[in-house]
Amino acid sequence: MNEASLDIISIRNHFPILHQQVNGHPLVYFDNAATTQKPIEVIDALGDYYKLHNANIHRGAHALADRSTGFFEDTRKSVQQFINAKEAAECIFTKGVTESINLVAQTYGKAFLKPGDEVLISYMEHHSNIVPWQMICNEIGAQLKVIPIHENGELDMEAFYKLLSVQTKIVACVWASNALGTINPVKEIIDAAHKVGAIVLLDGAQAGSHLPIDVQQLDVDFLTLSGHKLYGPTGVGVLYGKRKLLDKMPPYQGGGEMIKEVSFESTTYNEIPFKFEAGTPNIGDVIAFKYALEFVSRIGKEAIIQWESKLLNHFNAGINEFGSNRIKLFGTAKEKVAVQSFLIEGKHPFDTGLLLDAKGIAVRTGHHCTQPLMNFFGIEGTVRASFAVYNTMEEVDVLLESLKKMLNRK
Amino acid sequence: MNEASLDIISIRNHFPILHQQVNGHPLVYFDNAATTQKPIEVIDALGDYYKLHNANIHRGAHALADRSTGFFEDTRKSVQQFINAKEAAECIFTKGVTESINLVAQTYGKAFLKPGDEVLISYMEHHSNIVPWQMICNEIGAQLKVIPIHENGELDMEAFYKLLSVQTKIVACVWASNALGTINPVKEIIDAAHKVGAIVLLDGAQAGSHLPIDVQQLDVDFLTLSGHKLYGPTGVGVLYGKRKLLDKMPPYQGGGEMIKEVSFESTTYNEIPFKFEAGTPNIGDVIAFKYALEFVSRIGKEAIIQWESKLLNHFNAGINEFGSNRIKLFGTAKEKVAVQSFLIEGKHPFDTGLLLDAKGIAVRTGHHCTQPLMNFFGIEGTVRASFAVYNTMEEVDVLLESLKKMLNRK
Amino acid sequence: MTSTEIQNEIIEDFSLFEEDMESKLFYLMDLGKKLPEMPLEHKTEEFIVKGCQSKVWLYPFKQDGKLFFEADSNTEITKGLVSLLVKILSGKTPSEIVETDLYFIEKIGMNHMIGSQRSNGFASMIKQMKMYAFALTQK
Amino acid sequence: MTSTEIQNEIIEDFSLFEEDMESKLFYLMDLGKKLPEMPLEHKTEEFIVKGCQSKVWLYPFKQDGKLFFEADSNTEITKGLVSLLVKILSGKTPSEIVETDLYFIEKIGMNHMIGSQRSNGFASMIKQMKMYAFALTQK
Ligand SMILES: Cc1ncc(COP(=O)(O)O)c(C=O)c1O
Ligand SMILES: Cc1ncc(COP(=O)(O)O)c(C=O)c1O
């Protein structure tokens with residue numbers, strides 16, 4: 001579908017939450033990088049699941065268990081298609097990106113990292129792609145190395161090539177930055193890493209709803225996604241991994257369906273994906289998540305990114321028009337998803353956030369779980385507006401107007 | 001509320017799923033130990049959350065984030081009341097019992113177990129309370145010891161006292177067995193364990209919806225619950241832990257809100273409960289879970305257990321009336337929750353399960369994730385009927401009738 | 001008889017039960033009892049098709065360009081289903097077997113037996129039979 | 001003036017803005033500017049009340065049996081709120097402070113500022129003020 005043909009009003013009608021007043025103003029939801037809203041198809045699927053089908057899955061002999069198992073595995077197939085994985089079994093359900101990364105660090109990392117090995121991350125990582133690696137590096141005695149960035153928020157690729165060596169065993173990198181919007185050259189990173197024998201994990205939290213994904217074409221080793229940032233319910237995430245890696249990794253959590261046979265002396269583990277899905281999964285939300293993937297696919301990533309870029313460009317053009325040097329943008333990379341951080345000089349982001357909230361505008365303020373990145377810029381935090389396909393130009397105008405008022409006031 | 005005054009029909013009206021036909025017969029849902037059904041209040045709360053409030057929680061400055069954070073923390077307070085914890089902060093949200101146990105094994109276990117220490121579990125544990133301990137014991141070089149059971153499914157307490165020693169550091173025990181229904185003498189176990197300086201984790205998966213819970217009176221160190229077995233949505237669990245233990249435990253997963261400050265050199269962790277809640281939690285389901293707790297509290301545990309015991313007794317009396325030695329009950333302890341395992345001689349549980357399903361009756365068949373227990377009885381699995389407060393005597397009769405037909409047929 | 005003819009006959013037989021699933025299952029169990037006994041020496045680990053709750057043994061052999069199956073199961077209902085598969089597919093040529101569309105399963109209302117892959121050996125068995133046959137067509 | 005009188009005055013002032021939250025916040029920011037400057041030597045780590053995004057400094061001192069507060073914040077809106085608290089509570093006896101029901105917060109529509117505990121220092125500050133006062137009543 002072409003962006004030109006996108007009917008945003010009818011898309012908005014799929015999102016009941018958008019049609020409300022906040023502080024007496026129509027809600028303008030620009031906190032999409034934190035979590036997107038959910039189309040009615042997802043909400044209804046969740047309700048229907050609990051009203052009609054709910055049962056624990058897999059081993060059940062009865063009709064409800066059978067249906068639920070079928071729906072659950074259907075979502076896995078949808079995920080497979082969504083990211084073009086070779087097999088559905090390579091798609092593991094987790095709680096979100098954070099759990100997916102921890103899983104890889106604690107299984108692949110623990111089994112294959114050795115003292116002196118290096119894990120390479122970047123300066124713009126989310127805490128969820130820093131702390132798990134710090135923890136495992138500390139435990140093993142491996143080294144955490146950090147790719148610096150340029151002032152505009154792009155990765156310093158020259159530095160990357162210098163840091164990359166045969167010591168590098170894992171490169172864990174954000175695909176699109178949640179604080180700056182920067183889209184990193186992930187294909188180049190993957191190819192370079194593979195040349196020195198390192199594997200690559202991509203933090204796809206922000207890529208999921210914006211960028212076309214083809215794990216086979218990318219040849220990425222691990223990709224992590226959060227359902228709630230992809231128009232799906234909270235509590236669902238994906239860990240994609242190549243079978244040859246997943247097969248040789250030890251399990252993460254123990255219990256429930258992840259075993260083949262248990263005795264007190266020894267336990268043998270199940271095949272993927274079940275090996276990594278201990279305990280009763282988040283069945284209802286996984287089942288509903290399929291409708292989120294279908295929502296995105298129906299509109300089409302191409303059309304989505306085109307529209308969101310228009311919103312972003314409109315916002316940045318509006319800021320430029322202010323002609324004020326009291327508003328500073330953070331994240332001006334050439335390739336960006338529709339996320340814009342900024343600061344008004346002399347104004348704490350928290351105040352800006354509250355003033356916007358007073359006009360019904362939801363933005364995020366603070367460090368966005370990227371403290372090292374904030375330190376790089378020498379700031380405590382930013383105000384961040386992040387756009388989704390259901391946002392309109394008029395909403396961007398409302399934001400611009402409020403900011404203008406703030407600038408003019410002092 | 002007294003059981004006598006329970007109006008089961010009006011309780012059933014809160015559960016839309018119960019009013020359906022399966023294979024041409026009214027659904028009889030007796031798979032409650034696998035997962036309970038959800039009252040409409042829970043389902044509606046989930047829908048309302050996504051239709052009205054959805055936002056990522058904690059750091060948000062805007063109205064939706066504020067509301068969502070409030071609701072999320074409200075559930076924590078409800079959990080606190082439900083189990084009578086001293087503080088809400090002692091109640092950590094997880095995915096379920098399996099994750100809660102893994103969390104304790106990988107943090108408390110990893111930090112405080114030493115080679116030669118002993119972890120004591122029982123023969124009737126669910127895999128989720130076996131495998132995590134096997135994994136950490138293997139890693140540390142600690143010993144896993146197993147409390148045997150009697151033929152009727154009661155713990156061999158004499159053996160327990162023999163196994164318990166100053167080497168014992170952790171006793172991890174199921175409160176009520178999912179396969180047999182046995183209610184274990186947990187207060188006695190906790191007191192004895194404390195005398196030798198061991199801490200106690202209770203697997204409360206089956207206790208949650210049936211038994212009154214008072215963690216302070218029990219003086220239990222860790223208690224684990226699964227929301228989906230407690231009339232709540234899938235994907236939510238609870239880890240209760242005493243503050244003094246939680247405070248000194250290292251974190252489990254890294255990322256997101258579990259930190260205080262992150263730099264590449266070092267990271268300091270947040271307070272409980274946040275220290276153990278890395279990443280975006282399962283916000284929607286946690287918020288809806290509150291309505292499940294309220295549902296249970298409104299009816300009252302006393303009334304629930306009385307009614308469920310009546311159902312269980314009616315079932316067992318019916319079986320007895322058959323006067324057939326071709327049907328064998330597993331789990332005949334004096335103190336039981338409403339779970340009954342059985343086998344028909346010469347009939348594979350899977351066949352029994354399918355034949356019951358043909359009449360609309362949902363039971364579970366197989367090893368119920370308790371393979372060592374099945375080995376103890378020298379069987380592969382059982383057929384298990386498990387009752388909830390919304391089940392009726394008439395439904396038990398339907399089950400009895402179907403079983404009678406099967407017995408008479410061969 | 002062609003596999004289509006056999007399948008239609010089976011569908012016809014089951015149509016008597018209409019929507020009465022219990023009777024269908026009892027009938028299936030009776031059919032299972034008529035399945036020729038599988039020689040014990042073929043009931044080995046090697047020829048087991050493991051489902052989660054029910055096991056199936058499947059022993060294939062070729063004769064005069066045709067593929068034959070001996071089979072058994074530890075659960076009665078699966079055994080009944082297995083007996084139908086043997087009736088339909090055993091003694092056909094490999095390419096016939098590969099091409100056979102087993103539409104009877106749905107028509108007799110047994111699709112849930114192949115729905116959730118892990119709940120029984122029946123689904124795996126169908127896969128196995130087709131795989132054996134496919135392998136033979138490749139030679 | 002009693003704390004009730006002060007609170008009622010504040011409520012009265014804010015009622016002019018009706019439901020216009022933006023104007024209320026601008027007004028709060030202006031109020032914050034009027035807060036007496038806090039001596040730098042009291043703005044130390046020890047007297048910080050940390051919220052997640054905004055910091056508050058709170059320096060209490062006793063005089064003639066009454067408790068006084070100096071305060072500041074790094075965010076303007078919180079500073080405005082803090083100035084109201086100082087106005088209401090500073091110079092009261094410890095037991096008065098403990099007993100004061102800060103109903104004005106809800107009445108001026110600022111309850112969301114104390115709702116989500118972690119989002120700002122304002123909520124923690126109220127707690128701190130009460131705690132100081134409570135400690136003094138215990139002596
Ligand atoms: C006694 C017992 N322990 C642990 C579990 C695991 O719970 P969950 O699958 O919700 O993690 C269950 C549920 O199957 C159970 O019944
Ligand atoms: C880039 C990035 N990585 C990781 C995460 C963590 O995702 P989650 O909280 O869903 O686990 C987020 C979301 O906040 C993110 O934006």
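Chain letters run A, B, ... following the sequence lines, proteins first and then strands; every chain starts at 1. In this text, all values refer to a predicted model and were calculated from it rather than measured experimentally.
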As an exercise, state the distance from CG of A/D357 to CE of D/M21, rounded to the nearest 0.5 Å. 7.5 Å
I'd like to check D/E22 versus A/K405 (side-chain heavy atoms, cut-off strictly below 4.5 Å). Are they in contact? yes
Count the heavy atoms belonging to other residues, nucleotides or ligands that lie under 6.0 Å from NZ of D/K66, then report whether that count exceeds 12. no
Counting heavy-atom pairs under 4.5 angstrom with chain A, the leader among D/T75, D/L25, D/D20 is D/T75
Does D/E19 CD have over 12 foreign heavy atoms under 6.0 Å away? no
Are more than 12 heavy atoms, taken from residues, nucleotides or ligands other than D/E45, located less than 6.0 Å from that residue's CD atom? no
Worked check of salt bridge (Lys or Arg N to Asp or Glu O under 4.0 Å) between D/K79 and A/D351: CA-CA 10 Å; D/K79 190 166 174 178; A/D351 288 321; over 6 Å; no
Just verifying a value: how many Å separate A/E380 CD and D/N74 CG, rounded to the nearest 0.5 Å? 6.5 Å
Separation between OG1 of A/T352 and CD of D/E76, rounded to the nearest 0.5 Å: 8.5 Å
Does NZ in D/K107 sit with more than 12 non-hydrogen atoms of other residues, nucleotides or ligands closer than 6.0 Å? no
Determine whether more than 12 heavy atoms belonging to other residues, nucleotides or ligands lie under 6.0 Å from atom CD of D/E37. no
Student check: side-chain heavy atoms of D/T78 and A/H348 closer than 4.5 Å: no
Any chance CE of D/M131 has more than 12 other-residue heavy atoms, nucleotides or ligands included, within less than 6.0 Å? no
Just how far is it from atom CG of A/N23 to atom NZ of D/K24, taken to the nearest 0.5 Å? 8.5 Å
